[in-house]
Amino acid sequence: MAWIPIALSRDVPEGTTRGVIVEGREYVVWRGASGSAQVWEDRCPHRGMRLSFGFVRGNSLNCLYHGWQYDAESRCRHIPAHPDLVVPSSIRANVYKSVENGGMIWLGASDDNAYLPVLSPRLPLASIAVEAGGDNLPALGERPFGEGAQLLVLERSGLLFYIGWHQVDAARMMLHVALADNADAERGMAALRGLRYELEAEAGHVH
Amino acid sequence: MSTDPAALDQWYVLGALQDFAPGVSMRRLLGHDLTVTRASDALSVAWHAGTLCSRTDYGHLWTTLGTPERPVFDLPESRKADRRAVYCGAVTVRASGLRLIENFLDLAHFPYVHTDVLGVEARPEVGQYEVEQRRDVDELWATKCEFFQPRAAASSEGGQMSQYMYRVVSPFNVMLYKTPPTAPSRWDVIALFVQPVDPDLSIAHTYMLVIDDSSTDAELIGFQQMIFLQDKIVLENQRPRLLPLQPGRETPTRADLGSVLYRRWLKEKQLTYGVEAPATLA
């Protein structure tokens, strides 16, 4: 499995959480006061509540259901129902390897050798849902950036696009799109709508 | 469709009596489609194989798809003249009915899910309480529960230490007894009757027998619906949607004693409806 972009960094500002579904699995992306983004299983080990409904305080993520507090190393540090309890170190959220690169948050590849190139786009544009699968991407006429990362770099309307993508389920994917230059975002969005149209047509959707 | 005897041999609520219009209405229980017929004042329930046993207790229509060992549980408070019976409506929840019952037994979520109503974040502690399986009546009880509540009920004018008792009378039916703001020496009764529609889809029927001569019905119902809709957000976002009974799947603490006993009791009954199948474990 390659590195998978799952959100634009801009869309997970400090103090927020975001639920993301990748290939049918639920993840929470969150950012605390330290500034670094975390990717965990979207599930509190206590009662299975989705942590993306939780709240960030300082550098911790707190479950909405019972306020269990997890530090940035995913360890549960506080159980409010038992304020004096020293929480056993075995109580942890399930963490995934992740990295931020090129204005995107990437879910780690299961293959340790998967190569993630260092990217430097200038303008995060948008994350958009597309009713198509990754197997429709070659229709855009470009080859993927490499085997190790779910990324396409292509030119449209004179703009250079960095398009990260992840599959939500068999029929849908999310594109996380940035531009190489501080170009006109409106022009970028118009071209992006064109790309979505191409992909959905390729997947057999009639517009 | 359920073939789980532990689920079939139980009584279930299909709705409050007042909610069945004359003629035929459709209901669903344990994956089976049922018809309820109201002719004058008589209600009858049927499924593909004919007429089902039914009862009208506590203002609700009850039925079973099997042969329950016991009649519908006794609720002595329903016979007290000074109690108001209030039907709080039916709410559909995309979750296992067992998750609904377990949430109902939980004190520790009050400050976070019902913030500044049933709990405050500054006072989240759950003190020691007692749990017990009463084998003679096959019920679970949790007693000596206590929690600080800024707005315990519709009639509250300030905070109070609420006393709670919980009584689980069958896998999908539960009630709690709690201190009414206006009569601290007595108990309000709030019952949750869960109609398991499918393993991961439920209808919650909330019924109250309260001591309150100041609030209107609309105020009492509005209060309970506000509380339940807050719970619904949690219930529909627990994973898995079915209740896991395998040890290690979730992480109970002391505050979860009621849940631990409930899960053990479900295992003892070999209930599988609404339970996560062990085969789905990774």
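Just so it is clear: chains get the letters A, B, ... in the order the sequence lines come, proteins before strands, and each one is counted from 1. Only a predicted model underlies this, so the values are computations on that prediction, with no experimental measurement involved.
Atom CE of residue A/Met49 and atom NE2 of residue B/His109 lie 11.5 Å apart, to the nearest 0.5 angstrom. Separating the CD1 atom in B/Ile233 from the CG atom in A/Leu64 is a distance of 7.5 Å, to the nearest 0.5 Å. Rounded to the nearest 0.5 angstrom, A/Ile79 CD1 and B/Glu125 CD are separated by 12.5 Å. Separating the CZ atom in A/Arg47 from the CD atom in B/Glu102 is a distance of 4.0 Å, to the nearest 0.5 Å.
A 4.5 Å side-chain heavy-atom check between A/Trp68 and B/Tyr112 finds every atom pair outside the cut-off. The shortest distance between side-chain heavy atoms of B/Asp256 and A/His46 falls below 4.5 Å.
Side-chain polar atoms of B/Asn103 and A/Tyr65 form a donor-acceptor pair below 3.5 angstrom.
Within 6.0 Å of the CZ atom in A/Arg10, the count of heavy atoms belonging to other residues, nucleotides or ligands exceeds 12. At most 12 non-hydrogen atoms from other residues, nucleotides or ligands lie less than 6.0 angstrom from NZ of B/Lys144. A/Glu186 CD: 12 or fewer foreign heavy atoms inside a 6.0 Å radius.
In this structure, chain A has a heavy atom under 4.5 Å from the side chain of B/Arg99, while its backbone stays farther away. Only the side chain of A/Phe53 has a heavy atom closer than 4.5 Å to any heavy atom of chain B. Contact of B/Pro111 with chain A is not made at all, since no heavy-atom distance falls under 4.5 Å. Residue contact with chain B, scored on non-hydrogen atoms closer than 4.5 Å, involves the side chain of A/Ile91 exclusively.
Side-chain N or O atoms of A/His82 include one that pairs as donor or acceptor with a backbone N or O of B/Ala255 at under 3.5 Å. Formation of a donor-acceptor pair under 3.5 Å by the A/Arg43 side chain with backbone atoms of B/Arg239 is found in this model.
No other option in B/Pro252, B/Ala108, B/Ser259 has as many heavy-atom pairs under 4.5 Å with chain A as B/Ala108. For chain B, the option among A/Cys63, A/Ser52, A/Gly48 with the highest count of heavy-atom pairs below 4.5 Å is A/Gly48. Among B/Gly119, B/Gly127, B/Pro124, the residue making the largest number of heavy-atom pairs under 4.5 Å with chain A is B/Pro124. Your options are B/Val126, B/Leu235, B/Asp231, B/Thr115, and the one with the most heavy-atom pairs under 4.5 Å with chain A is B/Val126.
Under the 4.0 Å criterion applied to side-chain N and carboxylate O atoms, B/Glu121 and A/Arg57 are assigned as salt-bridge partners.
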